[in-house]
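A short write-up of the structure that comes next.
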Amino acid sequence: MGEPIFLGVNVDHIATLRQARGTRYPDPVHAALEAERAGADGITMHLREDRRHIQDCDVERFAEMTQTKLNLEVASTPEMIAFALKVQPRDVCIVPEKREELTTEGGLNVLAIENEITALCETFSAAKIQTSLFIDPDYKQIDAAVRCGAPVVEIHTGRYADAHSTEERENELALIQAAAKHAAECGLVVNAGHGLHTHNIQPIAAIPTIHELNIGHALISDATFSGISMSVQNMKRLMIEARQS
Ligand code: PXP
């Protein structure tokens, strides 16, 4: 047995469904608590600038109730930094953010904003919040993260997940393996995530230096199918009962 590996569940897309209708359900905090009961080691919520899914009050409520840990994903903006300091999650993962993107498209260019990220890591460290930087599997970005004093990096697995051929996937996997080893040798905690599914998770989970995987879209999609037959049965039972009384 190697080192343990941890699962962080991203519940953003429960909130996507709620926001699509403007209702109070489904509640991402309820989903987060269920995920914790099922064995998730932590919960990720991405508070985007446009509030397209997770809302401030979701983060605030869950931060009070978590039985594991909250990993708050945000862009490095004064508004988000102030919010994180108020809510005090265990981890803050800094991601690049574009309004028009469907999801986080690439890693943070730490090299280009080293002073800003160094100050951020100092601020969060003084508040006992662990800073994680979401970066591509690139030695230059890892070295910059070390210079900034970040304790954690999360390696972007999106190019591996989206590879169009076996060769491309193998190449991307090799980059992630090398980056994870280098980051761990530099003393960083190494997480990874983006685009991971049941069919592509195992080569990534087998990388011994990876500590935690953060997974959202595929896991929430899969949950729909695990639950749909029970939901249909429940609804049908209620309808039939109504006719019998
Ligand atoms: N890690 C980070 C930093 C992300 O931005 C996301 C997407 O919100 C994920 C992990 C999860 O990616 P996915 O939803 O594709 O599993």
Least distance between heavy atoms, I210 atom then A180 atom: CG1-CB, 4.0 Å
Parallel, tilted or perpendicular, judged at 30° and 60°: which one describes the rings of H182 and Y139? parallel
Any side-chain heavy atom of F134 within less than 4.5 Å of one from H156? yes
Could you measure the distance from the CG atom of L33 to the OG1 atom of T66? Nearest 0.5 Å is fine. 7.5 Å
Is a donor on one side and an acceptor on the other found under 3.5 Å between the side chain of E170 and the backbone of T166? no
Is there side-chain contact between M235 and V232, with heavy atoms separated by less than 4.5 Å? no
Pair listing, side-chain hydrogen bond (donor to acceptor under 3.5 Å, both in side chains) test, anchored in residues 109-123, at least two apart: S76-E116, N109-Q141, E114-R147
Please lay out, stage by stage, how E60 and K86 fare under the test salt bridge (Lys or Arg N to Asp or Glu O under 4.0 Å). CA-CA 9 Å; E60 287 163 352; K86 188 175 85 174; 3.2 Å; yes
Could you walk me through whether V146 and L188 pass the side-chain contact (heavy atoms from CB on, under 4.5 Å) check? CA-CA 8 Å; V146 173; L188 299 173; 3.8 Å; yes
Can you tell me how far CE of M45 sits from NE2 of H53, rounded to the nearest 0.5 angstrom? 11.0 Å
Tell me whether Q88 contacts the main-chain N or O of L85 through its side chain, where contact means a donor paired with an acceptor under 3.5 Å. yes
Using a 4.5 Å cut-off on heavy atoms from C-beta on, say whether the side chain of L108 contacts that of I94. yes
Nearest-0.5 Å distance, NE2 of residue H30 to CG of residue D58: 13.5 Å
Separation of D91 CG from L70 CG (nearest 0.5 Å): 8.5 Å
Write down the atom of A184, the atom of V190, and the distance for their closest heavy-atom approach. N-CG2, 3.7 Å
Does the pair V153 and V110 meet the rule for a side-chain contact (heavy atoms from CB on, under 4.5 Å), with working shown? CA-CA 11 Å; V153 286; V110 187; over 6 Å; no
Between S221 (side chain) and H217 (backbone), is there a donor-acceptor pair under 3.5 Å? yes
Taking 4.0 angstrom as the limit, do K236 and E241 come out as a salt bridge? no
Kindly indicate whether the side chain of P151, heavy atoms from C-beta on, has any atom under 4.5 Å from the side chain of T131. yes
Looking at every heavy atom in both P203 and N200, which two are closest together, and how far apart are they? CD-O, 3.5 Å
Rounded to the nearest 0.5 Å, how far apart are CG of N71 and CG of N191? 7.5 Å
Taking all non-hydrogen atoms of both residues into account, name the closest pair between L133 and A145 and its distance. CD1-CB, 3.8 Å
Flag side-chain contact, heavy atom, 4.5 Å: I43 against V9: yes
Mind checking side-chain contact (heavy atoms from CB on, under 4.5 Å) for E167 and listing every partner two or more places apart, or none if nothing turns up? S165, N171
Quick one: do E34 and R37 make a salt bridge, cutoff under 4.0 Å? yes
Do you know the tightest heavy-atom contact between P89 and A84? CD-O, 3.3 Å
Step through the shown structure and confirm whether more than 12 heavy atoms of other residues, nucleotides or ligands are within 6.0 Å of CZ on R21. no
Cluster link I5 to I215, ILVMFWY, side chain under 4.5 Å: yes
Passing candidate, side chain to side chain donor-acceptor pair (under 3.5 Å) with N214, options E73, H194, E154: E154
Do the side chain of T23 and the main chain of Q19 share a donor and acceptor less than 3.5 angstrom apart? no
Is the shortest distance from a Lys or Arg side-chain nitrogen in R61 or D27 to a carboxylate oxygen in the other one below 4.0 Å? yes
Begin from the C-alpha positions of T44 and V11 and carry the test side-chain contact (heavy atoms from CB on, under 4.5 Å) through to its verdict. CA-CA 7 Å; T44 298; V11 294; over 6 Å; no
Interatomic distance, NZ@K140 vs CD1@I135, rounded to 0.5 Å, equals 11.5 Å
Taking it one step at a time, do F124 and Q130 satisfy side-chain contact (heavy atoms from CB on, under 4.5 Å)? CA-CA 7 Å; F124 283 151; Q130 205 169 228; over 6 Å; no
Apply side chain to side chain donor-acceptor pair (under 3.5 Å) to E79 and list each qualifying residue two or more places apart in sequence or on a separate chain. R51
Any side-chain to backbone donor/acceptor pair from E36 onto T68? Under 3.5 Å, distance only. yes
State whether the number of non-hydrogen atoms from other residues, nucleotides or ligands found under 6.0 Å of I228 atom CD1 is greater than 12. no
Nearest atoms (heavy-atom pairs only) where F83 meets D56: CZ-O, 3.6 Å
Quick check: does any side chain N or O of H46 sit under 3.5 Å from a backbone N or O of R48, one acting as donor and the other as acceptor? no
Step through the shown structure and confirm whether more than 12 heavy atoms of other residues, nucleotides or ligands are within 6.0 Å of CD on E3. no
